[in-house]
2 protein chains.
Amino acid sequence: MEYTVNKLARISGVSGRTLRYYDQIGLLKPARINSSGYRIYGQKEVDLLQQILFYRELEVSLEDIMELIHQPGFNQKEALENHYEQLKQKRARLDTIMATVEKTIASIEGGVSMEDNEKFEGFKEKLIEDNEKKYGKEIREKYGEETINESNAKLRGMSQEDYDAMTLLGDEIMMLLEKAYETGDPGSEESQKLAAKHKEWLMYSWPNYSKEAHAGLAEMYVADERFTAYYDKVVKGGTKFLRDAIIIYLGME
Amino acid sequence: MEYTVNKLARISGVSGRTLRYYDQIGLLKPARINSSGYRIYGQKEVDLLQQILFYRELEVSLEDIMELIHQPGFNQKEALENHYEQLKQKRARLDTIMATVEKTIASIEGGVSMEDNEKFEGFKEKLIEDNEKKYGKEIREKYGEETINESNAKLRGMSQEDYDAMTLLGDEIMMLLEKAYETGDPGSEESQKLAAKHKEWLMYSWPNYSKEAHAGLAEMYVADERFTAYYDKVVKGGTKFLRDAIIIYLGME
DNA sequence: CCTTGACCTTTACGTTGCGTAAAGGTTTAT
DNA sequence: ATAAACCTTTACGCAACGTAAAGGTCAAGG
């Protein structure tokens, strides 16, 4: 099937202007332009628009969507499976907000008292989601940049799967650091999970792991400003916090 | 409890800038300004912010939120109950989109074919929602304007409840007209429901209802351009469509 | 006491994702 | 053939903040 702008607009629920804008910024170009300058969209464009709308539903910026779908390694099925998980999260957030509404009603009616921070449950979760989105982008950017590193790693004899697992772990550590830092306690459960992950991560790149070397590295992190800058990027004071968590994890002092 | 900007920001999940902006536009003013010019928020402001965020979650514009919560007749509990219903709808939309994702995955995997318009189910529902939001605003504006009419109606001996029910019905008819029109068939289920509602509505204001008079009114709608303009505002050709639906409903020709 | 760092303030310019004319060419229907 | 319903580009407008910049205020520690 072939569509002109407004026909595609009608079946998809977006406006004609939106489609022209997407053309303008290069997000979704028509299959061809006919003799009188009309935009003509084909099957491929319909499917791409669907993908775009899924991402938009998840509040991904058009710029990010562009990077994502135009990547050479873009896997449609994988993306869809990802959408599903994200949508599930979004629905869970809605459920939390609905529960908050119910509780607020109850507090008005029955005098059930409510703490101030309880009143915003569900809204705060959005912050966390947004953060993960931010990291999501960083991960993608890194995957782009690190294609070089990737081949280096391969050369060093690491299997592709191991390498993937390692970079994934690295990103996970950054997220964990932020969450752990919020607890304010390097001995907290989150913080110890962070330290454990850090050990796991190290074991990928180090030939022989030892507690002493791990602790030494942690101290080095704090001393060397290149590392400080790296880990403090996520939260300021993050490097010191990570060191403290590791020291406690290793049971050293 | 009293909060400065960023403290309130932290418990609510919005940014400090957002709170300053809300102050600037008059949406949420701090309880007071202390001696050094700091904004201080109290209990009332916390609760109001919660309400604002509920509305924002439903994508109501700040301008509309302002009108709503600063209305003298604003009923918090009623608003919350409304929020709940709307959130439920939003969740239903998410469910539809999730189903679309699943179906799309299946169509990739198993060759289950999918029509183009099926690919956008859930997205189109948003259009309808947006429309209802638009009408929601119109209804509110009307409720403002029609305070005069309201007292007129009272004078004519109508009870408050009857009047409320009638205006509500009037708005419902407008929404129904739009949906019915989309079916393209004045004999469709939706269209007949529309006609029935219209009868119901008439019976409020008319002392004696008769089929003949109803049919006559329908014809009058088409003839009188004041009515045409009124009903065509929702969809063009709406007046004629309504007339046709009524004629079929009454079993006349 | 004084300084440092974490707060707070205002002012002001930038951004995203379109909506909405305006001014005009094209296609379809009657 | 003439209107109605499409399409085009250009361009200005807007909401809801984000993000400096430049500067006052407050609590804690040396």
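Residue numbering restarts at 1 for every chain, and letters A, B, ... go by the order of the sequence lines.
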Heavy atoms from C-beta onward define the side chain here; which of C:dC18, D:dA16, D:dG24 lies closest to that of B:L62?
D:dA16
Which nucleotide in the set C:dC8, C:dG25, C:dT16 lies at the smallest distance from any side-chain heavy atom of A:Y38?
C:dG25
Matching residue for A:E2 among A:R39, A:R32, A:K7 - test: salt bridge (Lys or Arg N to Asp or Glu O under 4.0 Å):
A:R32
B:L19 CG to C:dC8 P, in whole Å, measures 10 Å
Rounded interatomic separation in angstrom, taking OH from B:Y21 and P from D:dC14
12 Å
So, does B:Y22 get its side chain near the phosphate of D:dC17, meaning an N or O under 4.0 Å from OP1 or OP2?
yes
Phosphate OP1/OP2 of C:dT27 contacted by A:S36 side-chain N/O (<4.0 Å):
yes
Centroid-to-centroid, A:Y3 to A:Y38, below 6.0 Å?
no
Just compare D:dT9, C:dC8, D:dC17 and give me whichever is closest to any side-chain atom of A:R39.
D:dT9
Output the rounded distance in Å from CD (B:E63) to P (D:dC17).
14 Å
side-chain N/O A:S15 vs C:dG19 OP1/OP2, d < 4.0 Å
yes
How many whole angstroms separate atom OH of B:Y41 from atom C1' of C:dC8?
12 Å
At less than 4.0 Å, is any side-chain N or O atom of B:R20 found next to OP1 or OP2 of C:dT10? Yes or no.
no
Comparing A:S35 with B:V5, nearest DNA chain C nucleotide closer to 5' gives the residue B:V5
If I compare all heavy atoms of A:T104 with all of B:L80, which pair ends up nearest, and what's the gap?
CG2-CD1, 3.7 Å
Backbone N or O of B:T100 within a donor-acceptor pair of the B:E121 side chain at under 3.5 Å?
no
Can you find a side chain N or O atom of A:T18 that sits less than 4.0 Å from OP1 or OP2 on C:dG19?
yes
Separation of D:dT10 P from A:D23 CG (nearest whole Å):
12 Å
Nearest whole Å is fine: how far is C:dC18 P from A:Q24 CD?
12 Å
Indicate whether the side chain of A:D116 and that of B:Q43 have a donor and an acceptor atom separated by less than 3.5 Å.
yes
For B:S61 and D:dA15, is the shortest distance between a side-chain N/O and OP1 or OP2 below 4.0 Å?
no
Would you say C:dT16 has OP1 or OP2 under 4.0 Å from some side-chain N or O of A:R56?
no
What's the CZ-P distance between A:R10 and D:dC6, to the nearest Å?
6 Å
Of the nucleotides D:dT8, D:dA16, C:dG19, which one has an atom closest to the side chain of A:R17?
C:dG19
Rounded to the Å, how far apart are B:L8 CG and C:dC8 P?
11 Å
